[in-house]
**Student:** 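Okay, handing you the structure first.
Throughout, protein chains are lettered first and strands after them, A, B, ... in sequence-line order, and every chain is numbered starting at 1. Small disclaimer: the values here were computed from a predicted structure and weren't measured.
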Amino acid sequence: MRWNKALIPTLKENPSDAEVISHKLMIRAGLIRQLAAGLYSFLPLGWRAMLKSMKIIREEMNAIGGQEIFMPSLNPVEIWKETGRDEDMSEIMLRFTDRKNRDICLAPTHEEIITDIARNEIHSFKDLPQIWYQIQNKFRDEPRARFGLLRVREFLMKDAYSLCANWEQLDEAYKKHEQAYRNIFTRCGLKFVVVGASSGLMGGRQSQEFMVPSDAGEDRTAFCEKCGYAANIEVAKSVPFEVEYKDIPELKKVHTPDLKTVDEVAEFLGLPRNQMLKSLVYIAEKSEKPVMVLLRGDHQLNEEKLSLFLGELVRPAHPDEVLKLFGVPIGFLGPIDAPKEIKILVDEAVPSDKKFATGANDKDYHIVGFTLDDFKIDGRSDFRLVSDGEFCQNCGSPLKVRTTIEIGHIFKLGTKYSAAMGATFLDANGKQIPIIMGSYGIGVGRILSSAIELYADDNGIVWPITIAPFEVIITALDTTKPEISDVAEKLYSRLIESGVDVLYDDRDERAGVKFKDADLIGIPIRITVGRKVKDGMVEIVTRKDKKSEDVKIEDTLAKVLEIRQLLYSELDTQFEENE
RNA sequence: CGGGGCGUAGCGCAGUUUGGUAGCGCACAUGGUUUGGGACCAUGGGGUCGGAGGUUCAAAUCCUCUCGCCCCGACCA
């Protein structure tokens, strides 16, 4: 491509509404332009990087026997009612009615549509297993789109589905996908970890996320650097810090006027924070039942764990709901003398042989010196949020917690969808059973964002060569001089003939402008054709390490091919690190 | 949905407090000088000041409503 004729609108200044690096650079390098909140157009450079990523995805998906299909984005709402997900996803699903007044939605994902195809076309165990995938736009009415392509309302997703006749086949399909995903992200040049995750609204038994560590990420992941344990904070477990307990000789009610927070009361009573119990009240969203969760004062609740335990989503009770239920304001709540209809759950990190203090269910009073035996417990489980520096359950080393970008998520769904929608087949014994499914997603745009977040420097993007919009840029300085443009033109056509993806900067611009732009858009290999042509030389510069080499004009092609090969093989080396 | 910020030329911003009829830098066009890391000089084009209503002799500026974008939180296959 010739820059002179191309749409590559680079910007000198950062856009005012961009916060994270990848967003700023995607705008400045002319990859994308915003249409509205969470809606972006891809310009030529951005789309080329997307196409490169998709090519890698297709190759790896085909390699595990995936068959590419394509499903409609416009869905009748009825099909979503069959699984109940029109309600589960009511907030996030975009809907409208068509001219015949039918309810239509824009698909936020495609399990229901896949299952519909399966129930119509799969009849025998002999038809299984299958892997079907598509690369398609998904639509989600996000409460808050943000960070460029990281959280958007319409986005390209590769979604794959495995259909199996038994659990062994599912395990195999799942493993294949895990390996395919490792291959895909490695080839895209990303650093990532595979973590245990919550399956959330998708349902299912097991799920793992592929995470890129980045400050721009919206998820938090706990890692153990020693043994490799890694889990999304939503499900992560840890061994808490050692703490001291004081002896409390007698059980009594203490007047604590206006003292509400754990810290305030602990200080007033002269107790360590861990000897206070936090009494949190939550409402289960479907059944609308209130629950009280008790945690040590130095711990935090993990809402995901609570909702997993209860089997439905939860939300904190509003202060007025609490007042209605308990007759006391938040801050003086506790399990003792709590209303009978409220379930009481206790985190397993609360020891049963120690004495604690918490609210007395009486305004301006706390109760001090009770144990877990002094009230009825409806459930004990792990409800704690892991915090940085706590210890790994496997090996005891300190865990690190950091933000990550979720680029892929794989699920063992089981029969949630096939059972609900009647997607069954006959097994070898002639018995009708539901298809066992898996679902596997990749956010294509997030691959680009992650790569930029990982490798960008002060001058701009530094693309891994595999997903770079071009592999090589020819920067011809002073194109008005025929001795320069002749050499550049010849190199340009020779590189194209050799199958190199090359951008030719043939603009009549000053050298500084061209160098800055080349750095900004991050093309891995730059050939500078300038004043050295009079000595029969050009320069080859690699973007990521700024290494520059003078090469004879006639050797340029061979040298470029060599460097290109090197850059590709470096990604294979990284592959081993990601293993 | 709650809190905060911002909408003025393609981009980045000043002007709003104190009302007087719109400006700077970049980009763009033309001419000239320059030419290896975002050049310089000159000239020029481009704006219903997000929108609607109101106050006023007069509104980018004051008032009311409304739309949009960004940030924090809530929420989030």
**Student:** What is the distance, to the nearest angstrom, from the CZ atom on A/Arg510 to the C1' atom on B/C40?
**Tutor:**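 About 9 Å, once rounded to whole Å.
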
**Student:** Between B/G38 atom P and A/Arg507 atom CZ, what is the distance in whole Å?
**Tutor:**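 Rounding to the nearest Å, CZ of A/Arg507 and P of B/G38 are 14 Å apart.
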
**Student:** Using modelled atom types and a 3.5 Å cut-off, is there a donor and acceptor pairing between side-chain atoms of A/Ser450 and backbone atoms of A/Arg446?
**Tutor:**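 It does hold such a pair.
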
**Student:** So which nucleotide does B/C6 pair with, by the Watson-Crick or G-U wobble rule with both distances under 3.5 Å?
**Tutor:**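 When the pairing criteria are applied, B/G68 turns out to be the nucleotide that pairs with B/C6.
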
**Student:** For B/U30, give its Watson-Crick or G-U wobble partner with both distances under 3.5 Å, or none.
**Tutor:**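 WC or wobble partner is B/A42.
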
**Student:** In whole angstrom, what separates A/His409's NE2 from B/C76's P?
**Tutor:**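 Atom-to-atom, A/His409 to B/C76, this comes out as 15 Å.
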
**Student:** Please check if the number of heavy atoms outside A/Glu483 that lie under 6.0 Å from its CD is greater than 12.
**Tutor:**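 Check passes, neighbour count above 12.
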
**Student:** Whether the A/Tyr440 and A/Ser162 side chains hold a donor-acceptor pair (N or O, under 3.5 Å, no angle test) is what I'd like checked.
**Tutor:**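 Note: A/Tyr440 and A/Ser162 side chains meet the donor-acceptor criterion.
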
**Student:** Are the side chain of A/Arg507 and the backbone N or O of A/Asn4 linked by a donor-acceptor pair below 3.5 Å?
**Tutor:**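 Pair absent, no side-chain N/O of A/Arg507 close to backbone of A/Asn4.
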
**Student:** Who is the Watson-Crick or G-U wobble partner of B/G73, with both distances under 3.5 Å?
**Tutor:**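 B/G73 is paired, partner B/C1.
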
**Student:** Do A/Arg526 side-chain and B/G37 base share a donor-acceptor contact under 3.5 Å?
**Tutor:**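 For A/Arg526, whose side chain was compared with the base of B/G37, there is a donor-acceptor pair (under 3.5 Å).
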
**Student:** So if I take every side-chain heavy atom of A/Glu19 and compare against B/C71, B/C69, B/G12, which nucleotide ends up nearest?
**Tutor:**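 Taking heavy atoms from C-beta onward, the closest nucleotide is B/C71.
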
**Student:** Would you kindly check whether a donor in the side chain of A/Arg144 faces an acceptor in the base of B/C76, or vice versa, at under 3.5 angstrom?
**Tutor:**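 There is none.
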
**Student:** Using atom P of each nucleotide, how far apart are B/C57 and B/C13 to the nearest Å?
**Tutor:**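 It works out to 37 Å between them.
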
**Student:** If I pick the C1' atom on B/G53 and the same atom on B/U18, what distance separates them, to the nearest angstrom?
**Tutor:**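 Going atom to atom, C1' in each nucleotide, I get 25 Å.
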
**Student:** What is the distance from CE of A/Met93 to C1' of B/C76, rounded to the nearest Å?
**Tutor:**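 Answer to the nearest Å: 15 Å.
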
**Student:** Mind checking who B/C24 pairs with, Watson-Crick or G-U wobble, both distances under 3.5 Å?
**Tutor:**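 Result: B/G12.
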
**Student:** Taking the C1' atom in each of B/G3 and B/A74, what is the distance between them to the nearest angstrom?
**Tutor:**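 Here B/G3 and B/A74 have their C1' atoms 11 Å from each other.
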
**Student:** Return whichever of A/Pro15 or A/Glu218 has its heavy-atom-nearest nucleotide of RNA chain B closer to the 5' end.
**Tutor:**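 Final value for this comparison: A/Pro15.
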
**Student:** Considering only the C1' atoms, how many Å lie between B/A9 and B/C49, rounded to the nearest integer?
**Tutor:**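 Taking atom C1' in both B/A9 and B/C49, they lie 10 Å apart.
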
**Student:** With A/Lys81, which residues qualify under salt bridge (charged side-chain N to carboxylate O under 4.0 Å, His left out), at least two apart?
**Tutor:**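 Here no residue qualifies.
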
**Student:** Report the base-pairing partner of B/U35 (Watson-Crick or G-U wobble, both distances below 3.5 angstrom), or none.
**Tutor:**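 B/U35 is unpaired by these criteria.
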
**Student:** Determine the Euclidean distance between corresponding C1' atoms of B/U56 and B/C6; express it in Å to zero decimal places.
**Tutor:**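 Straight-line distance between the two C1' atoms is 28 Å.
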
**Student:** For residues 27-42 of chain A, which residues have at least one heavy atom under 4.0 Å from RNA chain B?
**Tutor:**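 Of all residues in residues 27-42 of chain A, the ones placing a heavy atom under 4.0 Å from RNA chain B are A/Arg28, A/Gln34, A/Ala36, A/Ala37.
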
**Student:** Confirm from the modelled atom types if A/Glu539 and B/G36 form a donor-acceptor pair under 3.5 Å, side chain to base only.
**Tutor:**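 Such a pair exists between side chain and base.
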
**Student:** Does one side chain, of A/Tyr161 or A/Gln130, offer a donor that lies under 3.5 Å from an acceptor on the other?
**Tutor:**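 On atom types as modelled, these side chains do not qualify, holding no pair under 3.5 Å.
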
**Student:** Would you measure the distance from the P atom in B/A14 across to the matching atom in B/A58 and give it in whole Å?
**Tutor:**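 Comparing P positions in B/A14 and B/A58 gives a spacing of 30 Å.
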
**Student:** Between B/C75 atom C1' and A/Glu303 atom CD, what is the distance in whole Å?
**Tutor:**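 The answer, rounded to whole Å, is 10 Å.
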
**Student:** So what's B/C49 paired with, Watson-Crick or G-U wobble, going by both distances under 3.5 Å?
**Tutor:**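 Because no pair has both required distances under 3.5 Å, B/C49 counts as unpaired.
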
**Student:** Over all strands shown, is A/Asn459 touching base, sugar-phosphate only, or nothing at heavy-atom distances under 4.0 angstrom?
**Tutor:**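 Counting heavy atoms under 4.0 Å across all strands, no contact is made by A/Asn459.
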
**Student:** In terms of the nearest nucleotide of RNA chain B, which residue is placed more toward the 5' end: A/Arg531 or A/Asn14?
**Tutor:**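 Looking at the nearest nucleotide for each, A/Asn14 comes out on the 5' side.
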
**Student:** If you check the A/Phe515 side chain, which of B/C71, B/G12, B/G36 turns out closest?
**Tutor:**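 Of B/C71, B/G12, B/G36, B/G36 is nearest to the side chain of A/Phe515.
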
**Student:** Counting only side-chain heavy atoms from C-beta out, which of B/G37, B/G38, B/C13 sits nearest to A/Ser16?
**Tutor:**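 Given the options B/G37, B/G38, B/C13, the side chain of A/Ser16 is closest to B/C13.
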
**Student:** So what does A/Glu406 hit on the nucleic acid, given a heavy-atom distance under 4.0 Å: a base, only sugar-phosphate, or nothing?
**Tutor:**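 A/Glu406: base contact, heavy atoms under 4.0 Å.
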
**Student:** Across the strands shown, which category fits A/Arg315 at heavy-atom distances under 4.0 angstrom: base, sugar-phosphate, nothing?
**Tutor:**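 The answer is nothing, as A/Arg315 stays clear of every strand by at least 4.0 Å.
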
**Student:** Determine the Euclidean distance between corresponding P atoms of B/G4 and B/U64; express it in Å to zero decimal places.
**Tutor:**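 It comes out at 15 Å once rounded to the nearest Å.
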
**Student:** A/Leu520 side chain: which of B/G38, B/G36, B/G37 is closest?
**Tutor:**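 Closest nucleotide to the A/Leu520 side chain: B/G38.
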
**Student:** May I ask you to verify whether the side chain of A/Glu509 and the base of B/G38 hold a donor-acceptor pair under 3.5 Å?
**Tutor:**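 Not at all, since no donor on one side and acceptor on the other fall under 3.5 Å apart.
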
**Student:** Donor-acceptor pair, A/Asp505 side chain versus A/Trp3 backbone, under 3.5 Å?
**Tutor:**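 No.
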
**Student:** Could you state the atom-to-atom distance from CZ of A/Arg146 to P of B/C71 in whole Å?
**Tutor:**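 Spelled out: CZ on A/Arg146 to P on B/C71 is 8 Å.
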
**Student:** For B/G73 versus B/A27, give the span between their P atoms, rounded off to a whole number of Å.
**Tutor:**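 Going atom to atom, P in each nucleotide, I get 37 Å.
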
**Student:** Please work out whether the ring planes of A/Phe185 and A/Tyr181 are parallel, tilted or perpendicular, with thresholds of 30° and 60°.
**Tutor:**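 If you compare the ring of A/Phe185 with that of A/Tyr181, the planes turn out perpendicular.
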
**Student:** Does anything in residues 506-551 of chain A form a ring-ring contact (aromatic ring centres under 6.0 Å, His included)? List the pairs, not counting sequence neighbours.
**Tutor:**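 Counting only pairs at least two positions apart or across chains, no ring-ring contact (aromatic ring centres under 6.0 Å, His included) contact touches residues 506-551 of chain A.
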
**Student:** Remember a base hit wins even if backbone is also touched, and classify A/Asp159 as base, sugar-phosphate or nothing at under 4.0 Å, heavy atoms.
**Tutor:**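 Answer is nothing: A/Asp159 stays at 4.0 Å or more from every strand.
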
**Student:** Measure CZ/A/Arg151 against P/B/C72 and give the value in whole Å, please.
**Tutor:**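 So the two atoms are 13 Å apart, to the nearest Å.
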
**Student:** Among B/C76, B/G38, B/U34, which is the nearest nucleotide to the side chain of A/Asp517?
**Tutor:**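 Nucleotide nearest to A/Asp517's side chain: B/G38.
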
**Student:** Do NZ/NE/NH1/NH2 and the carboxylate oxygens of A/Lys544 and A/Asp457 come within less than 4.0 Å?
**Tutor:**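 Between A/Asp457 and A/Lys544 there is no salt bridge, as every charged N stays at least 4.0 Å from the carboxylate O atoms.
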
**Student:** Mind calculating the distance between CD (A/Glu142) and C1' (B/C75) to the nearest angstrom?
**Tutor:**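 Going from A/Glu142 (CD) to B/C75 (C1'), I get 9 Å.
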
**Student:** Are there more than 12 heavy atoms of other residues, nucleotides or ligands under 6.0 Å from atom NZ of A/Lys289?
**Tutor:**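 No - once you tally the heavy atoms of other residues, nucleotides and ligands closer than 6.0 Å, there are 12 at most.
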
**Student:** In terms of side-chain heavy atoms of A/Lys12, which of B/G37, B/C76, B/C26 is nearest?
**Tutor:**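 For the A/Lys12 side chain, the nearest candidate turns out to be B/C26.
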
**Student:** Check every strand shown and say whether A/Lys546 touches a base, only sugar-phosphate, or nothing at a heavy-atom separation below 4.0 Å.
**Tutor:**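 Nothing, no nucleic acid heavy atom in range.
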
**Student:** What is the base-pairing partner of B/A58, counting Watson-Crick and G-U wobble geometry with both distances under 3.5 Å?
**Tutor:**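 Because no pair has both required distances under 3.5 Å, B/A58 counts as unpaired.
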
**Student:** What nucleic acid atoms does A/Phe147 come within less than 4.0 Å of, heavy atoms only: base, sugar-phosphate, or nothing?
**Tutor:**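 Contact class for A/Phe147: sugar-phosphate only.
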
